[in-house]
Asks: 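Sharing a structure with you now.
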Protein chains: 2
Amino acid sequence: MTPPEKNQPSDLPKHRVRDAEATKLRILEAAKKEFSQNGLEGARVDSIALEARANKRMIYHYFESKENLFKVVLEIAYLDIRTQEANLNLEKLPPKEAMITFVRFTWDYYIKNPEFITLVNSENLCQARHLRDSPLLQEVSQKFVSRIQAILDQGAREGVFRPDLDAVQVNITIASIGYYYFTNRYTGSVIFNRDFLSPAALKERLAFNTDTILRLLCL
Amino acid sequence: MTPPEKNQPSDLPKHRVRDAEATKLRILEAAKKEFSQNGLEGARVDSIALEARANKRMIYHYFESKENLFKVVLEIAYLDIRTQEANLNLEKLPPKEAMITFVRFTWDYYIKNPEFITLVNSENLCQARHLRDSPLLQEVSQKFVSRIQAILDQGAREGVFRPDLDAVQVNITIASIGYYYFTNRYTGSVIFNRDFLSPAALKERLAFNTDTILRLLCL
DNA sequence: CGCCGTTCGCACCAATTGGTTACTTAAAGC
DNA sequence: GCTTTAAGTAACCAATTGGTGCGAACGGCG
């Protein structure tokens, strides 16, 4: 009797075709999942290898150590959110619309990329020792802050925003009111006896957050 | 030659006096420190025993397992912040002053109890499985929300606050703008190239947060 | 004083962990 | 085709981990 899945011609072969890049990507994807679910200490290298359908030896071949693998995963995650944010082209919008869009983008990003938050939490638990010397990340972040500052300044010039708003403070506030909601959704659900992730709750919270930020920014 | 510290008569004796309560307390204190520094998975039972100057066997005797020890530590931490908050007697203050005091209290609590934040983060990493069934905590939290709601309602009646403010949303916002600042201070310092914990930065952020909340609450 | 439960300490275990040695095999270059 | 380089595998290891078995000793009670 032939195997039923004939439409997968020798799919999942015993000896996979050699493809270093694909293997690296699978490892990175599996590592992101494992690290975000279990933290840096809780993550198991064997689990990552299994999930990536790669041999454990390959992980050490490509990424040297568990710690370094975490560092790479984290850097990619940071670069991703900054890249997507840059692609919003906020500077082409009126300041108020730009900030509303930015608040919504940050919110949506957390929803679509829940791993990001737990990865950042893990990095802070170990005092950011992995990206302490990451000049690329610092440069990208610097540009990011400058873009937000330009929007705030433009808004002030147009008379819709308060003058002298600090982009760092504003950005911390925007990130925090979304970040906290998601990172603490489990304890929050217990304490406040609410489902934090119901569509209604999500919609209500985003509206609340947008309102909070507009009240903070506008004259 | 006699030992110099005569004022400590046989302090740190080889065979410590038997005191179950004191031993439990030392274990809990050491556990809080270890869990908050290394997370649930990263924490080492041997380290806790060493730090507590107790035998590892005692930890399992009094607390059954590492997981249960974490649960007890976490519950105590939650009860502590709620107890201190209740002792503020916010209801005796005018609504606006009450909320300003509450924002400052939350902020100060995070500064004085940095372990609280990392413990909560650890609990959320494992989806709050330890305090999922903690009726005591749920009851305390319920009263806490009611107190804040009473203040918001009173403020609305007096015409200083907007009507129909949701105490849960407001409280999440107040907690978040402080919590995020501290939990992400390490990655934040790298990304924004600032010292998040300098006295000037702390003062500025508290002022910013108080302003943010007043703009959110007031008419 | 002597009993006995509680408090404590040592040595130990089975299981798991991150990481490695030694080898095989596919594919790119000539 | 043949060689060389790199991709991939399996078995293994030393160290560490959460957790225990068991005996010792302190101290309250009768």
Side-chain angles (χ1 to χ4, degrees), chain A residues 9-35 37-74 122 125-126 129-130, chain B residues 9-35 37-74 122 125-126 129-130:
Chain A
S10 66
D11 215 11
L12 293 178
K14 293 277 160 62
H15 290 268
R16 195 176 315 281
V17 205
R18 293 187 165 203
D19 190 336
E21 284 310 309
T23 303
K24 279 189 206 175
L25 277 178
R26 286 204 316 280
I27 291 173
L28 283 172
E29 207 51 41
K32 179 165 83 173
K33 188 174 170 184
E34 176 76 6
F35 281 130
Q37 281 179 356
N38 304 103
L40 177 54
E41 291 265 4
R44 298 294 161 232
V45 179
D46 291 273
S47 299
I48 295 172
L50 188 70
E51 170 84 18
R53 304 190 313 275
N55 192 281
K56 183 163 66 158
R57 194 64 189 81
M58 289 292 92
I59 293 179
Y60 289 94
H61 183 232
Y62 290 128
F63 299 100
E64 190 181 345
S65 68
K66 182 186 178 185
E67 292 273 321
N68 189 252
L69 175 59
F70 179 81
K71 181 185 174 178
V72 174
V73 167
L74 189 71
S122 290
L125 184 61
C126 62
R129 70 166 182 266
H130 301 93
Chain B
S10 64
D11 215 10
L12 294 178
K14 294 278 160 65
H15 289 269
R16 194 177 314 282
V17 205
R18 293 191 164 199
D19 190 337
E21 284 310 309
T23 303
K24 279 189 206 174
L25 278 178
R26 286 204 316 279
I27 291 173
L28 282 172
E29 207 51 42
K32 179 166 81 172
K33 187 173 170 184
E34 176 75 7
F35 281 130
Q37 282 179 357
N38 304 102
L40 176 54
E41 291 265 5
R44 299 294 162 231
V45 179
D46 292 273
S47 299
I48 295 173
L50 187 70
E51 170 83 19
R53 303 192 314 275
N55 193 280
K56 183 164 66 160
R57 196 70 189 75
M58 289 293 90
I59 293 179
Y60 289 93
H61 184 233
Y62 290 129
F63 299 99
E64 189 181 345
S65 68
K66 183 186 176 183
E67 291 273 321
N68 190 253
L69 175 58
F70 179 81
K71 180 186 175 178
V72 174
V73 167
L74 189 71
S122 291
L125 184 61
C126 61
R129 70 165 181 265
H130 300 93

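All heavy atoms count here, side chains included; hydrogens, waters and symmetry mates do not. Residue numbers start from 1 in every chain, and the chains themselves are labelled A, B, ... in the order their sequence lines are given, proteins ahead of strands.
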Asks: Grab the CD-C1' distance between B:E34 and D:dT17 for me, whole Å please.
Replies: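 Going from B:E34 (CD) to D:dT17 (C1'), I get 13 Å.
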Asks: To the closest 0.5 Å, what do you measure between CD (B:E34) and CD1 (B:I27)?
Replies: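 The distance works out to 13.5 Å.
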Asks: Return the value, rounded to whole Å, for the distance between atom OH of B:Y60 and atom P of C:dC8.
Replies: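 These atoms are roughly 17 Å apart.
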Asks: Does A:K66 use its side chain to pair, donor to acceptor, with the backbone of A:L40 at less than 3.5 Å?
Replies: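 Between the backbone of A:L40 and the side chain of A:K66 there is a qualifying donor-acceptor contact (under 3.5 Å).
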Asks: What nucleotide among D:dG19, D:dC22, D:dG8 has an atom nearest to a side-chain atom of B:R57?
Replies: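 Nearest listed nucleotide: D:dC22.
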Asks: Who are the salt bridge (charged side-chain N to carboxylate O under 4.0 Å, His left out) partners of A:E64, not counting sequence neighbours?
Replies: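 Result, salt bridge (charged side-chain N to carboxylate O under 4.0 Å, His left out) vs A:E64: none returned.
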Asks: Can you tell me how far CD1 of B:I59 sits from CG of B:D46, rounded to the nearest 0.5 angstrom?
Replies: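 Nearest 0.5 Å value for the CG-CD1 distance: 8.0 Å.
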Asks: Report the distance from atom CG of A:D19 to atom P of D:dA6, rounded to the nearest whole Å.
Replies: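 From A:D19 CG to D:dA6 P: 16 Å.
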Asks: Specify the separation, in whole Å, of atom CE of A:M58 and atom P of C:dT25.
Replies: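 Nearest whole value for this atom pair: 15 Å.
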Asks: Is any NZ, NE, NH1 or NH2 atom of the basic residue among B:E41 and A:R44 found under 4.0 Å from an Asp or Glu carboxylate oxygen of the other?
Replies: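 Here B:E41 pairs with A:R44 in a salt bridge, since their nearest N and O are under 4.0 Å apart.
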Asks: To the nearest 0.5 Å, what is the distance between CG on B:L74 and CG on B:L69?
Replies: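 Those atoms lie 11.0 Å apart.
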Asks: In whole Å, what is the span from the CG atom of A:D46 to the P atom of C:dA15?
Replies: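 Whole-Å distance recorded here is 16 Å.
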Asks: Answer yes when B:E29 and B:K32 have at least one side-chain N-carboxylate O distance shorter than 4.0 Å, and no when they do not.
Replies: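 Here B:E29 pairs with B:K32 in a salt bridge, since their nearest N and O are under 4.0 Å apart.
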Asks: A:I59 has an atom CD1; how far is it from atom P of D:dA10, in whole Å?
Replies: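 So the CD1-P distance, A:I59 to D:dA10, works out to 14 Å.
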Asks: To the nearest Å, give me how far apart CG (A:N55) and C1' (C:dT25) are.
Replies: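 These atoms are roughly 14 Å apart.
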Asks: In this structure, how many angstroms lie between the P atom of C:dG19 and the CD1 atom of A:I27, rounded?
Replies: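 Rounded to the whole Å, the gap is 14 Å.
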Asks: Base, sugar-phosphate, or nothing for A:A43, non-hydrogen atoms under 4.0 angstrom?
Replies: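 Since only primed, P, OP1 and OP2 atoms lie under 4.0 Å of A:A43, the category is sugar-phosphate.
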Asks: When you measure from every atom of DNA chain C, which of residues 61-72 of chain B have a heavy atom less than 4.0 Å away?
Replies: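 Correct list: B:H61, B:Y62.
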Asks: Among C:dT17, D:dG19, C:dC8, which nucleotide sits nearest the side chain of B:T23?
Replies: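 Nearest to the side chain of B:T23 among the choices is C:dC8.
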